[in-house]
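None of these values were measured; they are calculated from a predicted model. So that the names make sense, note that chain A is the first sequence line, chain B the second, and so on, each numbered from 1.
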There are 2 protein chains.
Amino acid sequence: MIATGVAPLRYSVSVPAPDDGSTRARLGMLETTHGTVETPVFMPVGTNATVKALDPDDLHEVGAQMILANTYHLYLRPGHRRIERLGGLHRFMAWDRPILTDSGGYQVVSLGELREVDDDGVTFRSHLDGSLHRFTPEQSIEVQQALGSDISVCFDQPVPPHSSARSVVADATRRTHRWAERCLAAHDRPDQALFGIIQGGLEEDLRTESTQAIAALPFAGICIGGLAGDETAAQRRAVLDVCVPLLASDPRPRYLMGLGSPADLLDAVDAGIDMFDSVLPARVARNGTLWVPEGRLNLRNARFLDDPAPVQDGCRCRACRSFSRAYLAHLVRADELLFYRLATCHNLTFLIDFMARIRSAIAEGSFPALVREQAARAAVSDGPTEPAA
Amino acid sequence: MIATGVAPLRYSVSVPAPDDGSTRARLGMLETTHGTVETPVFMPVGTNATVKALDPDDLHEVGAQMILANTYHLYLRPGHRRIERLGGLHRFMAWDRPILTDSGGYQVVSLGELREVDDDGVTFRSHLDGSLHRFTPEQSIEVQQALGSDISVCFDQPVPPHSSARSVVADATRRTHRWAERCLAAHDRPDQALFGIIQGGLEEDLRTESTQAIAALPFAGICIGGLAGDETAAQRRAVLDVCVPLLASDPRPRYLMGLGSPADLLDAVDAGIDMFDSVLPARVARNGTLWVPEGRLNLRNARFLDDPAPVQDGCRCRACRSFSRAYLAHLVRADELLFYRLATCHNLTFLIDFMARIRSAIAEGSFPALVREQAARAAVSDGPTEPAA
């Protein structure tokens, strides 16, 4: 067992990757201020201090161990100082388990109308009212410390991995390194961990440089950023096959930001990743698409209006326990609020149970077999690979 | 104790109105195919086979004893035959307690684009797609029997009570009587009760005539329709003071359709009404207005953004147990789906607990004192009388 001893976060690998090189998948325990998390773990995203349509009881029921909240959104509304005055983000949203905050880097760099990046920080306009704001590494850390998440992450400059010129990627990557040091210097909240972020686009040498630069700093964990964007699955895997081996003897948790489909998570676990987050399962659910082992069901399809079966036989979720596909198909057509909750509960349960199955397979030494089984299933599925699980 | 013995519904008055004439409020038990309901009772409305934003567990938690579903909406979407094939409305929406269906009369007469009323029925256009449909008394009963509610009601012709000419009211009332007999003749589902509906607008003689006509027929209960519209509270009370005394020795439950504010319900219970339904508590909740004993809180008001208190101290609802006014004020501004559920839970809990308090007061013989206390409170409240409770 390897473990980091840096308070306020302790990570221990209970089942390391096997020596035979068949996989880099590993099992671990992440101990945070608000409890312990088994890895590999998927974190649902609670952008505005709520995982859309769910309350904390629902999150416990779907089996969420830890959630992510968005620094950019909470900074703009309702404001980090307000949340701090109200007792911090955990109390504000009544979630007593671990929370990870992102840095706002992705949002301010990629989502805003105006975004001007300079060496000191980023000037951007609010998507809510067009007002002008500025984030620096220090400001991002200040906001995250006020929110009081268990894990904060460095302010970085992600760029679209596939469509960015090498010089743009190189500049952003080196700026991210300089900002990482400033984040470390600014961070002083003792009950909150800080993770560094690797950038480098799809460039092997820049990913190598970035992994070495970030791993050299005393972060509690290592994020791999700038993926889950416009790259292909093969390009993403190639990047992970550069970064993760460089961290093979590093005792810290590895977090790939923004990935959310079962097939993608399976591949990234195989590549040695421990933590994930994405809005994908909840977003496709709200759009009417529910994940099942055979692929996915689009409940807007008329054939479900008379289907008395649950979405997924044997599923433990709130939607499948009580309701038919016919009822859910009715709710989505009537644009009923209950649909969004039930659909989100199902897709999150599906993905979280899939992660539990991954952990069991790692514990039993059968993870490579699970990867082969899923690949075979995806090959015969009629749907896209996204939901194969 | 007076009781009706007509299966499938049994109503027993456990505490009759006192002989001193201080109130006509009474306590009763309504035994239906899906369980027993204490009256006076408020029924939340599940228009599209869902009480908006809530699931059946939420309905149990707020204390709903019985709900109403809309025949017109379910006939149009997903279709009553479809619901019948799927095992009926209870199974479809996973609600195992009593359901009352309205007749569709209110919707087809008042809501449609085209509506042509003749002696045989009503031709109307769907609000969903403009398609042409026709409801007759027999068709309304057929739809309600297919849905399988515990209590069905007669197809009637309500008219706006205040703004309708006497001749219009008289025609609609007498047509309603003719339709009542046709509904009785058409109804043959043995596990479902059928209630008749009194009309008559604000005309004392027409209300008298209608009460006598409907009470003379072997319905399991008596609805008072054509109120909760554009009349004043005083006009409504005057109508109830005509109808209910005529039913003083009638053993059947009395149901005033469409009324939903605490102050209005208190007055109607005092007038001798046993059953109520309304979308009001849920609709105002979704609009950001939460009911409290002191009046109401509009959570869109900026002053709540920093308020750490629950909406209502001591309230047992899901919103008040875990969250601050500040959090709810944040959710409503961010248009987060969770807001609609939490706000609806609060207002329904508020109203259902208010009905429980009314029942306790009746049982203890202190109902007239409760009426005086609420009137005094409303007089000093800064808000409108709607939420006083």
Side-chain angles (χ1 to χ4, degrees), chain A residues 46-59 61 73-74 76-79 81-83 85-87 89 91-96 128 282 286 302 304-309 318-319 321-331 333-345, chain B residues 46-59 61 73-74 76-79 81-83 85-87 89 91-96 128 282 286 302 304-310 318-319 321-331 333-342 344-345:
Chain A
T47 299
N48 290 314
T50 163
V51 174
K52 289 193 189 306
L54 304 194
D55 79 347
D57 286 348
D58 293 328
L59 286 172
E61 187 175 283
H73 290 93
L74 295 175
L76 288 178
R77 182 176 62 193
R81 289 298 175 207
R82 171 171 283 137
I83 290 176
R85 284 193 301 271
L86 290 162
L89 185 55
R91 183 189 292 188
F92 185 59
M93 66 183 295
W95 174 248
D96 57 3
L128 297 175
R286 294 197 305 278
F304 295 119
L305 284 171
D306 286 296
D307 191 338
R318 178 163 293 269
R321 284 202 311 268
S322 299
F323 304 105
S324 61
R325 295 170 175 183
Y327 183 67
L328 293 164
H330 164 63
L331 291 184
R333 281 165 179 249
D335 196 25
E336 280 289 346
L337 291 162
L338 180 57
F339 178 78
Y340 304 103
R341 178 171 170 230
L342 294 177
T344 303
C345 283
Chain B
T47 299
N48 290 315
T50 163
V51 174
K52 290 192 187 305
L54 304 194
D55 79 347
D57 286 348
D58 293 328
L59 286 172
E61 186 176 282
H73 289 93
L74 296 175
L76 289 178
R77 183 177 61 193
R81 290 296 175 207
R82 172 171 281 138
I83 290 177
R85 283 194 302 272
L86 290 161
L89 185 55
R91 183 190 292 186
F92 185 59
M93 66 183 296
W95 174 249
D96 57 5
L128 297 175
R286 294 197 306 277
F304 296 119
L305 284 171
D306 286 297
D307 191 338
R318 179 163 292 271
R321 284 201 312 267
S322 300
F323 303 105
S324 61
R325 295 169 175 184
Y327 184 66
L328 292 165
H330 164 64
L331 291 185
R333 280 166 179 250
D335 195 24
E336 280 289 347
L337 291 162
L338 180 57
F339 178 79
Y340 303 103
R341 178 172 169 229
L342 293 176
T344 303
C345 283

Exercise. How would you list, by chain and number, every residue that makes a ring pair (Phe, Tyr, Trp, His ring centres under 6.0 Å) with A/Tyr340, sequence neighbours excluded?
Worked result: none

Problem set entry | Atom CZ of B/Arg82: over 12 foreign heavy atoms under 6.0 Å | yes

Exercise. Of the backbone (N, CA, C, O) and the side chain (C-beta and beyond), which part of B/Leu86 lies under 4.5 Å from a heavy atom of chain A, both, or neither?
Worked result: side chain

Exercise. So which of A/Ala94, A/Pro78, A/Ser322, A/Ala49 has the largest heavy-atom pair count under 4.5 angstrom toward chain B?
Worked result: A/Pro78

For this session: Side chain from CB out, backbone as N, CA, C, O: work out which of these in B/Leu54 comes under 4.5 Å of a heavy atom of chain A, or both, or neither.
Result: backbone

For this session: Measure the CG-CZ distance between B/Asp57 and B/Arg318 for me, rounded to the nearest 0.5 Å.
Result: 8.5 Å

For this session: Decide yes or no for B/His73 and B/Arg77: does some side-chain heavy atom of the first lie under 4.5 Å from some side-chain heavy atom of the second?
Result: no

Exercise. Top residue by heavy-atom pair count (under 4.5 Å) with chain B, among A/Ile83, A/Leu305, A/Leu342, A/Leu128?
Worked result: A/Leu305

Exercise. If you tally heavy-atom pairs under 4.5 Å against chain A, which of B/Asp306, B/Asp307, B/Leu331 wins?
Worked result: B/Asp306

Exercise. By a 4.5 Å heavy-atom criterion (distance strictly below it), what part of B/Tyr327 contacts chain A: side chain, backbone, both, or neither?
Worked result: both

Exercise. How would you list, by chain and number, every residue that makes a side-chain hydrogen bond (donor to acceptor under 3.5 Å, both in side chains) with A/Thr47, sequence neighbours excluded?
Worked result: A/Asn70

